[in-house]
There are 2 protein chains.
Amino acid sequence: MRNIKLTLEYDGAEFFGFQKQPHHVTIQEALEKALSKVLNQKTKIAAASGRTDTGVHALEQVVNFKTKSLRKIGEIQKGLNAYLPKQVAVRKVEDVPFDFHSRYSAKSKTYEYLIWNDPIRSPLKASRAWHVREPLNLTQMKKAARFLTGRHNFKAFTASGGSAKEMTRTLKQIQIKKQGNSILFIFEADGFLYHMVRNMVGTLVQVGRGKLMLSEMYKILHSQDRKKAGVTAPAEGLTLIFVTY
Amino acid sequence: MRNIKLTLEYDGAEFFGFQKQPHHVTIQEALEKALSKVLNQKTKIAAASGRTDTGVHALEQVVNFKTKSLRKIGEIQKGLNAYLPKQVAVRKVEDVPFDFHSRYSAKSKTYEYLIWNDPIRSPLKASRAWHVREPLNLTQMKKAARFLTGRHNFKAFTASGGSAKEMTRTLKQIQIKKQGNSILFIFEADGFLYHMVRNMVGTLVQVGRGKLMLSEMYKILHSQDRKKAGVTAPAEGLTLIFVTY
């Protein structure tokens with residue numbers, strides 16, 4: 001029995017998220033279909049590093065699966081890329097130790113969130129960014145982000161529907177960069193709760209618009225009360241960049 | 001009578017190019033529909049800086065139209081952006097002198113062409129880049145590009161179907177930059193012939209793959225024979241960046 005790790009890139013726009021569910025096209029379903037064809041036997045993935053939501057993209061999502069197939073790594077990759085829909089590609093295939101688990105072995109994950117910050121919408125950015133018309137104060141957002149980094153219970157920034165019981169995570173860093181009329185957020189943590197990045201971005205944008213004071217960001221975090229945080233930023237701006245093991 | 005200049009951004013993927021034609025959705029048609037609604041009178045555009053092909057994008061395409069309407073600039077912009085499909089946005093609206101003509105007044109145009117140069121396709125780049133699997137020799141492509149810059153008859157790099165009779169253009173510069181696994185080409189000229197950028201990119205890629213020698217690039221240019229040049233690079237990699245007046 002082999003344990004094989006796949007690194008996947010996908011455009012999430014036309015999928016109902018990663019995780020398989022009835023009556024919806026998901027990335028897991030597309031992947032398992034392609035895997036079963038390539039290995040010539042019904043194959044299910046063991047785990048993904050995390051379940052990206054409907055519309056969320058990935059540059060390097062990681063999944064693993066167990067198989068008795070003896071097909072070569074290179075052939076598996078070529079076969080998968082031939083069978084997968086054009087919105088999904090396998091960037092890397094590796095044999096890994098049998099105890100490797102895409103989710104439990106992950107040390108940290110990095111997400112990017114992109115905002116198009118201009119009064120006029122941008123057709124060329126629309127599928128990958130949240131359009132925020134009002135000017136955002138970058139300095140205030142950076143200050144607010146400092147309250148969030150570190151080890152905290154992030155319950156205030158998660159949504160019901162997540163599977164996590166323990167809500168404490170270590171948010172290693174938040175970078176916020178202006179690139180022309182875009183604002184790029186980079187989040188690195190040992191793990192993220194359901195909707196956590198999108199809720200943090202929604203709340204940081206409230207600070208950037210001057211609708212929320214810095215002290216309120218601090219209070220929201222420590223309230224552990226979801227109702228206090230800002231809106232959930234839309235999925236299209238979010239990309240899982242990579243997972244560290 | 002006013003002469004009004006519009007700067008447009010669009011994602012060309014779902015349009016049959018800029019220019020109006022029967023039985024196809026074009027950017028010109030979408031724009032004239034929105035204009036006629038906003039100005040409350042049937043309005044046609046006088047000209048565009050050039051006609052982008054099916055699938056070609058624009059960051060700052062320029063068009064102008066004449067109107068008797070007294071509506072304010074800001075209201076015209078807001079109205080257009082409300083009526084236009086989401087793949088098109090008006091980034092700027094300006095009153096210009098009556099003799100301004102988007103095409104004839106243009107001094108130079110700048111296009112970008114993006115190549116995703118990796119054995120594996122990239123779902124996140126697919127709609128904006130040409131996927132070239134074979135490694136490309138950047139140094140050779142840069143050397144070949146030097147033959148193309150300057151004032152030449154570019155007949156060898158145009159396709160039948162263009163309206164131009166005079167085929168001499170001044171290609172002011174070609175920049176070729178590696179950005180990770182992408183290669184970005186920037187072309188600036190006083191004007192471009194039909195398919196000229198895409199044919200130059202197709203031919204430069206032949207040089208980059210080692211299929212065409214430098215001396216052959218020189219001969220192709222001076223042959224003025226279209227059959228000698230390389231393939232036409234696909235439309236999705238091409239974006240009209242801006243027009244200088």
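What you are looking at is a predicted structure, and each value in this text was computed from that prediction instead of being measured. Numbers restart at 1 for each chain; the letters A, B, ... are given by sequence-line order, proteins then strands.
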### Query
How close do A:Ile120 and B:Gln77 get, heavy atom to heavy atom, and via which atoms?
CD1-NE2, 3.3 Å
### Message
Which atoms of A:Ala58 are under 4.5 Å from chain B, going by heavy atoms: the side chain, the backbone, both sets, or neither?
### Response
backbone
### Message
Rounded to the nearest 0.5 Å, what separates atom CZ in B:Arg128 from atom CZ in A:Arg128?
### Response
7.0 Å
### Query
In Å, rounded to the nearest 0.5 Å, how long is the span from NZ of A:Lys125 to CG of B:Asp11?
12.0 Å
### Message
Within the 4.5 Å heavy-atom criterion, are A:Leu84 and B:Arg121 side-chain neighbours or not?
### Response
yes
## Note on the structure
Under 4.5 Å to a heavy atom of chain B? For A:Pro85 that would be backbone
#### Entry: Segment of A:Ser122 engaging chain B (4.5 angstrom heavy-atom cut-off)
both
### Message
Taking atom NZ as the centre, does A:Lys86 end up with more than 12 heavy-atom neighbours from other residues, nucleotides or ligands that are less than 6.0 angstrom away?
### Response
no
### Query
Do other residues, nucleotides or ligands put more than 12 heavy atoms under 6.0 Å from B:Arg103 CZ?
no
### Query
How far does CD of A:Gln87 sit from CG of B:Leu124, to the nearest 0.5 angstrom?
10.5 Å
### Task
Heavy-atom distances under 4.5 Å only: say whether A:Ala89 touches chain B with side chain, backbone, both or neither.
both
### Task
Verify the neighbour count for atom NZ of B:Lys92: are there more than 12 heavy atoms of other residues, nucleotides or ligands below 6.0 Å?
no
